[in-house]
Amino acid sequence: MNPRNFFAELKRRKVFKVGAAYLVVAWLVVQAASIGFPAFDAPPWVLRVFILVSLLGFPIAVVMAWKFDLTPEGVKLDASTSGSKRLFAGAALLIVLALGWYFYGQPSFRKGDMATPTTVEKNSIAVLPFANMSGKADEDYFSDGMTEELLNVLAKVPQLKVVARTSVFQFKGKGGDIREIGRKLGVTNIVEGSVRRDGPEVRITAQLVRVADGFHIWSETYDRKLKGVFALQDDIARKIGDALKLSLGVSVPVTVRAPIDPEAYDEYLKGRALMRQRRDLPSAIVHLKAAVAKAPEFAAGWSSLSLTYEVSFWYAAHMTPAFEAELLKGQADAADRAAALEPDAATTEHALGNVARARFHYAEAERHYLRGMELDPSYSDIREDYSEVLYEVARLEDSMKAGRQLVELDPYFGIGWNRILRAAMALDRHAEVEEAVRQLRSISTYNYIGKFGLLDYAVAYGRADEARAALAEIAAHWPNDATFAQQLLPWALGEADLEPDTLRAAVAQAPAGEAAYYFITRHDVDGYNSYVESLSAIPQQYYFIDLYGSKPMGQAMLRDPRVKAMLVRFGLPAYWREKGWPVGCRALSESDFECGTDASAAH
C-alpha cells in the first residue's frame, strides 16, 4: 500500500478521530490525577505509573480502531491486512518510547544522574533550611538558626550521616524537586519544614521525605513556647529517628538540655547569623555577648563568641596591636568558659584549637581538632581548620586528604575547596588547582580566592606568562578587584618600580595575606617580613607555607637567617620536633635546624 492510500485508509477507519479523542480524554484524566493523588498522600511513583499506562493505552487504542469497525450491525473485525505492518510497527515504536521515557527519562531513573550505592550512604539525611513563615524577612536568622540547631542534634546520631550546613543552605529559597536536591546532596532522606514565630510562641512544621520516590515518611506540626525551644528541637529529632528506625535502624539518643532564656537564645541566633554571613562581625560579637550575659551557663553561646572573635581577625579593616590583643583575649576567655561548661562539645574543642593556633601552638591545635571531629564527624568548620593547620606546617598530602574528606561531607563549602586549592598549589598539581578554582567560582563568583587562585599559583612559581594571562582574565571579569595586582605583578617580576606610597597603597588594597607571593617573587625578605608583621596572628600562621610552596624564590628565602628567626617565633620548629620534619627541613641539633632547597638536597 502506498503512503497516500495508507493515510486514506487511516481516515476511513477513523484512526485519527479515535487517536485525537483518546489524547484529549487522557490529558484530562492525567490532570485530574495530578491533583487528586497528592491529596491522598500518594507517592510520586503512583502518578508516574498512571501516566505510563495512559501512554501505553494510546497505541492500543489506535490498533483497536484499525482492526475493528463500528457498523449499524455492531462492532466488526476488519479482516484486511493491508497496511497493518506499518501501523503495528508504529505502535510498537510508541510503546518502546513510552517505556524508555519512564525508565530512563524520569529523574529517579536517569542514567548517570542517580546516585549509586558507592556515593550515597543508606543512613544519610539532609536538613533543608526551614521556611520563614513569620512574614518578616529580617527574621530569617531565627528560621535559619532553628534549622542549624536541628541539624546539630541529628549530627549526634552515630549511625547517621548528616550533610553539613553550608551545602544544605545552598538550596535556601530555591525550591525544586526534593528528589533532585537529594541526589545532589547524596542522601537518602531529607527533612524540610517551616517556622512561624509570634512573640513567645513558635509553630514548627517538619516533614521527613524519602528521596527515592518523594514519599513523606513522617510529618508533624508543633505549637510551643519559645522558652522550651531545646526540648522542641530534641523532640523533632527524636520523632525523625523513630520514623527512620524501622527502615534504617537508627535512633536519636535522648538528650536533656536545660531551658534557655528566650531573649538570650534570640541574641545567640542573631550573632550566629551575622558570623555565618561574615557580615558586621562587631555586631555579631555584641549579640553573642548579650546572649551569654543573659544565659551565662550557655556553653554554645561562649564557644560561638570565641569562634566569632577568631573570624574577626580576617575581616578587621584596620588591625592594630591593641585591637589584636583585644581579639585574642576575648577569643581565649570565651573558649575557656565554654570548656568549663561543656568540655565534651565539638564546638568547644574547635574554639580551643583556634586559640592554640593563634598562639602558634600547632600540635595542641591539632589535638583539639582531632577530638572535635571524633565528637561530631559532620561538623565541617572544624574539619576545615584541621586541614588548614596541616597545610600551615607543610603536611601537604595529609592536608589534601583532609580537604577531600571535607568537600565530600560538605560539597558546597567553598572554604573546603580553598583547602584543596592551597595544598595543590604547594604540591604543584596543576589539574587539581584548576579543579578547585572551577569549583570555587561555581559556588560563588564573588569569593576572591576563586578569582585569584590561578594568579596566585603562577606568581608562586614565578611563571610570568601564566601570571599575566591569569591577571588579564581577572581584569576582564572583575576589573575593580584587579587593580592591586596590576600594580604588584610588574613590580614583583622586576619590570617596574613602585614608589613607597604607591606600594603601600597597592598592598593595603589586597585581601589579607594576598600580597605575600609578590614579595616572595621579588625575593624581598625585609619587605615580606614587614608585610607579615602588619597582619594579625591568623594570617601570620601562613608565614612558612607561603615560602615553602613558592619555588624557587620562597625555598631560597628559607635559608635566610632573618626568615629562620621568624620560623622560630611562629612556633614551626617546635611542632616539627614533635610531629616530624617536612621535606627540605631538618634538625641540626636539639636547638638548631635548617630549611630550604640545600637542606632538601642533603636528605
Side-chain angles (χ1 to χ4, degrees), residues 166 169-170 274-281 310-319 381 384-385 387-388 391-392 403 406-407 410 412-426 432-461 463 466-492 503-521 528 531-532 534-536 538-543 545-546 549-550:
T166 309
F169 270 79
Q170 287 290 319
L274 291 173
M275 188 267 278
R276 286 292 190 190
Q277 297 161 7
R278 303 297 195 257
R279 180 168 58 85
D280 195 2
L281 292 170
E310 194 269 346
V311 170
S312 299
F313 280 103
W314 288 102
Y315 292 88
H318 301 288
M319 182 64 67
D381 290 354
E384 187 272 323
D385 282 327
S387 176
E388 186 174 26
Y391 169 74
E392 291 165 352
L406 173 58
V407 298
D410 202 350
Y412 292 90
F413 189 27
I415 301 300
W417 286 105
N418 181 41
R419 298 273 53 83
I420 292 174
L421 170 65
R422 297 303 178 186
M425 284 173 54
E432 288 180 280
V433 169
E434 289 187 329
E435 175 199 15
V437 168
R438 188 167 58 249
Q439 293 286 354
L440 282 163
R441 291 183 180 182
S442 68
I443 291 171
S444 173
T445 57
Y446 302 103
N447 189 298
Y448 82 88
I449 300 169
K451 295 176 186 176
F452 289 96
L454 294 176
L455 176 60
D456 288 346
Y457 181 41
V459 173
Y461 287 87
R463 295 165 182 160
E466 288 184 25
R468 294 188 192 97
L471 179 56
E473 181 198 18
I474 296 169
H477 291 91
W478 307 284
N480 292 335
D481 296 319
T483 306
F484 83 90
Q486 287 172 325
Q487 292 182 305
L488 291 182
L489 182 60
W491 170 79
L503 176 60
R504 281 192 292 271
V507 169
Q509 192 180 16
E514 188 65 24
Y517 288 125
Y518 298 91
F519 285 102
I520 295 170
T521 298
Y528 180 64
Y531 173 64
V532 173
S534 72
L535 303 174
S536 68
I538 308 303
Q540 285 173 351
Q541 296 161 17
Y542 282 70
Y543 181 86
I545 192 60
D546 283 346
S550 177

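Position 1 is the first residue of the sequence, and the numbers go up from there.
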What distance separates Met425 CE from Ile545 CD1, expressed to the nearest 0.5 Å? 10.0 Å
Check: Phe169 main-chain N/O paired with Tyr412 side-chain donor or acceptor under 3.5 Å: no
Would you mind writing out the side-chain donor-acceptor pairs for residues 415-423 within the sub-3.5 Å range, not counting sequence neighbours?
residue, atom, partner, partner atom, Å
Trp417, NE1, Pro411, O, 3.1
Asn418, OD1, Arg422, NE, 3.2
Arg419, NH1, Glu384, OE2, 3.3
Arg419, NH2, Tyr542, OH, 3.4
Arg422, NH1, Asp456, OD2, 3.4

Counting C-beta onward and ignoring hydrogens, is there a side-chain heavy-atom pair between Trp491 and Phe519 closer than 4.5 Å? yes
One should read off an interatomic distance between Arg463 CZ and Leu454 CG, to the nearest 0.5 angstrom, of 11.5 Å
Could I get the full list of ring-ring contact (aromatic ring centres under 6.0 Å, His included) partners for Phe452, not counting sequence neighbours? Phe484
Return the CG to CZ distance between Leu535 and Phe313, rounded to the nearest 0.5 Å. 12.0 Å
Where do Leu503 and Leu488 come nearest, in terms of heavy atoms and distance? CD1-CD2, 3.6 Å
Quick one: does Tyr531's side chain have a donor or acceptor within less than 3.5 Å of a partner on Ala515's backbone? yes
With a 3.5 Å distance limit and no angle check, can you tell me whether Thr521 reaches the backbone of Val459 through a side-chain donor-acceptor pair? yes
With rounding to the nearest 0.5 Å, note down the distance linking CG in Asp280 to CE in Met275. 14.0 Å
Would a 4.5 Å heavy-atom cut-off, applied to side chains only, mark Arg276 and Asp381 as touching? yes
What's the shortest heavy-atom distance between Tyr518 and Ala485, and which atoms? OH-CB, 3.7 Å
Which atoms form the tightest heavy-atom contact between Gly549 and Ala460, and what is the distance? O-CB, 4.1 Å
On a heavy-atom basis, the closest approach of Tyr461 and Ala426 is OH-O, 3.4 Å
Pairwise side-chain hydrogen bond (donor to acceptor under 3.5 Å, both in side chains) hits with a residue in residues 469-488, at least two apart: Arg441-Glu473, Lys451-Asp481
Nearest heavy-atom approach of Arg278 to Leu281 is CA-CD2, 4.4 Å
With a 4.5 Å cut-off on side-chain heavy atoms, are Tyr517 and Asp546 touching? yes
Within this structure, what is the CD1-CD distance for the pair Ile538 and Glu310, rounded to the nearest 0.5 Å? 4.5 Å
